[in-house]
Amino acid sequence: MKVEANLLQAVSYFALSISKGASPLALCRDLLIFLAFFLLVSQGVQRLVPWPGGSEIESKFRHFEEHKDEYDLVFFGSSITYRSFIPNLLQDELSRSGIDIRSFNFGGPGMRSFEQDHLIRRTLDTAPERLSIAVVELRDWNPSFSEKNAFTKRMVHWHSTRSLGQIISSLRKWPPTKTAPSDTFLYHLRHWLWKMTNFGAGPDIIASALRGTSHSDIEVKMLSQHGYLALEDETGELYLERKREILDDPAEYKRRVTRLTQRQGRSAPTHQFNEDAIRDQVALFSNAGIQAIYVVPPSTKNPPMAQPLLDKGVVENLLTYDHPTRFPRYYAPESHFDFNHLTKEMAQNFTQRFAKDLLPFLLNETGE
Amino acid sequence: MLFVESRFFLFFLVAFSVYWFISSQAWRKRWLLLCSNVFYAAWDWRFLSLIWISTVVDYGIGRLLSQNPSRGKSKILLMVSLLLNLGILGVFKYFDFFLESAVALGQEFGLDLTASRLHLVLPVGISFYTFQTLSYTIDVYRGQMRATKSFLDFALFVAFFPQLVAGPIVRARDFLPQLKLHHSLRKIPFRRLLTLFLIGYVKKACLADQVATVVDPVFASPELASTGMTWLGVSLYAVQIYGDFSGYSDMAIACAGLLGYELRLNFNSPYRARSVTDFWRRWHISLSSWFRDYLYVPLGGNQRGRLRTLANLSIVFVLCGLWHGAAWTFVLWGIHHGLFLVLERLIGFGRSVTRKTNPLAILNTSGVVLVGWVFFRAESVGESWLILGNMIGLAKSAGSGSVELGWALVLVGFIVAHSCLRPGQLEEKAERLPSWTFAALYGTAVAIVLPFAATGDQPFIYFQF
């Protein structure tokens, strides 16, 4: 908090010193006018041309925006959601039960709860008419982020004032980490300032205003499958390397699964969720007339222990698949493309299973 | 710490606020000296020692010179100052260059020479503060100014943070008298200075750093650039170096002004110059006038016949090239400018065309300057020929690549703005505005400017000189 203290001190000195040279009232008036115009123009620019997301999430959002009234269900989550839920297959499975549901997968690599919440709000802001169900992956609300992604367009993109507030409230609860809370706060404050000022976004804003959105071949393929793409269909060395990790270190994979099995029955840590933020999210869905179903898909990447959320009534609907003993097929090494993601074949199997689990909610929805 | 970094804004806010909060001028100066040292230490605290060595020695020599020693002693004292300052500069900046050049020359003559390079880090701003301290000693030696009694004043003159690392090169006779005055916040032309700072920020962060993305590939792999792209890259480099350096100077002048100190104009629309002679009256004015007063004139200037004048010009510009960097490309750049200055003297061109506006003369001068920038920026002498070959379509290796329209428009926009706006024009208009109108316009301008700032922290080009 040293930097903040310095800043406060500097501001007070500044005000005191300036007031010696000019009328304090005039100075305050001018500062307010400056800030008002600055914010007005900055926010005006953001309203006209949103901050460029610069990632496949943005491509998904643009696509959804164009087809917003065609979807009944959306999936929000990380790459685990992205690679696990197949909208086309879900539609086929549900149609066998006489339910016509079109879904879109908003899952994105590295999506964390704060970004996910921001995306949910953006999505609902588009007022999609048909949307009646949101399947939301539950992840922890860890406010620490890697320096590796600092100040990338995507990181800056979701740093709204609301997200900053969520970060602060999560930070209060989160147990000590290597990074000091003040550093984590400053990290996010700087991202928020970038977002507020549109810092450095000008060339992208102009480019997106002039050219619109163009999609890469792989994005076109992903969008044609309503936001889903199997890791097997990805191109690039990175994905091949990820495939190798599970082959190279099967013992590590086994350790992860064992760890997951052993934690069953233990009490859940209290800090992992920002309950206020989740409550806000649930209320948001509810106000929009959308049924929110929270899920914990099969993954070995330390999924959160979500049952207490249901017990406390924070969420009304919860489906969890983080049990290697209950769902052994989803945790078999051959079912995984890499440590965290299902293979294409197992994703199909999982989507079929999920369709069955979803049916009761849909029947509730239709009153049947 | 760069002027465009967020931490500089915080630093300056503290420096500014505390400075004006203090009522005693002596304590204000102590505070500024402390800030200046913190500013420099933010880059590398170890090299503060070099600044302090120069400060202590030159202050001492100044004091000794003021005691009216004999002519012989005065000369010895001056020599000590020159040797020490130029010695430090030589070791840190030129030792490896001269060593390598000597080895290469020896090898040309069949001598099997080897040498161990020092690989020293070049202290930021060493060329600038060395020239500042030298100007003080020389002025005192010549009797053009009295040596200051105040060590604090002298130390602040050397280390004053707005101009410490990249100029403008301040003369002691301009700056030291300002330290005697008690500055009043009421007299600070805030609107003018804030506008100047924003203009400097735009030049540096929105122009120079942005065009670097086009310029760098053209100079990094000239063999891959087409003729069109090479022209665009070289032209945008002219924009980049101007934006970078004059932007820094603008911000330095504005920061100094906000603290009550006046620094002289360092750039006066240089690309509107009608001759190379005129260009050097407009480009890096504090350096060209330094070379004029402390090298060209002592060498005899234009008072010892035509041949001697031409020789003096050549010497000055070779050294001016070397001042910018320890590489043969800089020497070539200096020779290039020296050659055209000599030519202008010979045919009387520079004098005749500078009297009236002549678009052809401006175009001609721009061409000469542009070719000079190729030497200045190229990685090696060989690459500079390759780039020049690309520009006239001669190089066999000229690759493909179409000119990007967006960047060509940026260039056109720069030319229009540079041609239409004279230095100080916007600042004067800002100063005349009512304060609330200025606040509204400034808020709007900042909101428009920030999105176009380059996001990476690009160092100032002139830091390396």
Side-chain angles (χ1 to χ4, degrees), chain A residues 3-4 6-23 25-46 49 51-52 150-153 156 186 189-190 193-207 210-211, chain B residues 4-7 9-23 28 31 183-188 190-191 194 202 205-206 209-211 213 258-260 405-407 409-410 433-457:
Chain A
V3 178
E4 291 91 314
N6 284 343
L7 188 65
L8 273 176
Q9 203 176 3
V11 171
S12 57
Y13 272 135
F14 182 74
L16 274 169
S17 56
I18 290 284
S19 63
K20 282 184 178 178
S23 144
L25 269 180
L27 179 79
C28 289
R29 180 201 64 197
D30 292 349
L31 273 175
L32 282 176
I33 291 173
F34 167 79
L35 281 173
F37 272 79
F38 173 72
L39 288 173
L40 203 71
V41 177
S42 297
Q43 297 311 300
V45 169
Q46 266 186 37
V49 195
W51 180 280
F151 301 107
T152 53
K153 283 179 203 160
V156 176
L186 281 177
L189 182 71
R190 289 178 69 198
L193 279 170
W194 272 46
K195 174 81 187 287
M196 288 293 284
T197 57
N198 300 313
F199 186 65
D204 287 318
I205 286 175
I206 289 178
L210 291 178
R211 292 183 210 145
Chain B
V4 291
E5 278 180 71
S6 50
R7 62 179 178 151
F9 292 102
L10 186 62
F11 165 83
F12 189 75
L13 191 65
V14 176
F16 173 88
S17 307
V18 174
Y19 176 80
W20 288 112
F21 189 68
I22 300 167
S23 49
R28 279 182 179 176
W31 169 247
H183 301 283
S184 161
L185 191 63
R186 285 176 191 277
K187 290 182 182 166
I188 303 297
F190 276 102
R191 275 158 270 175
L194 289 174
V202 170
C206 305
D209 291 351
Q210 293 284 15
V211 300
T213 55
L258 287 168
L259 297 166
L405 184 67
W407 289 113
L409 286 174
V410 168
L433 290 171
S435 66
W436 66 270
T437 314
F438 174 77
L441 286 175
Y442 204 71
T444 307
V446 172
I448 291 169
V449 161
L450 285 181
F452 293 94
T455 48
D457 286 337

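In what follows, every chain begins at residue 1, and chains take the letters A, B, ... in the order their sequences are listed.
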Side-chain donor or acceptor of [X] paired with backbone N/O of [Y] under 3.5 Å:
X	Y	result
Gln46(A)	Lys195(A)	yes
Asn198(A)	Ser42(A)	yes
Trp31(B)	Ala15(B)	yes

Discussion item. As a quick check of understanding, evaluate side-chain hydrogen bond (donor to acceptor under 3.5 Å, both in side chains) for Ser23(B) and Arg28(B), giving each step before the final call.
Written reply: CA-CA 7 Å; Ser23(B) 49; Arg28(B) 279 182 179 176; over 6 Å; no

From the list Cys206(B), Ala445(B), Ala439(B), the residue making the most non-hydrogen contacts under 4.5 Å with chain A is Ala439(B)

Counting heavy-atom pairs under 4.5 Å with chain A, the top scorer among Leu450(B), Val446(B), Thr437(B) is Leu450(B)

Could you have a look at Leu40(A), Ile33(A), Leu39(A), Leu32(A) and say which one has the most heavy-atom pairs with chain B under 4.5 angstrom?
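When all of Leu40(A), Ile33(A), Leu39(A), Leu32(A) are compared, Ile33(A) has the most.
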
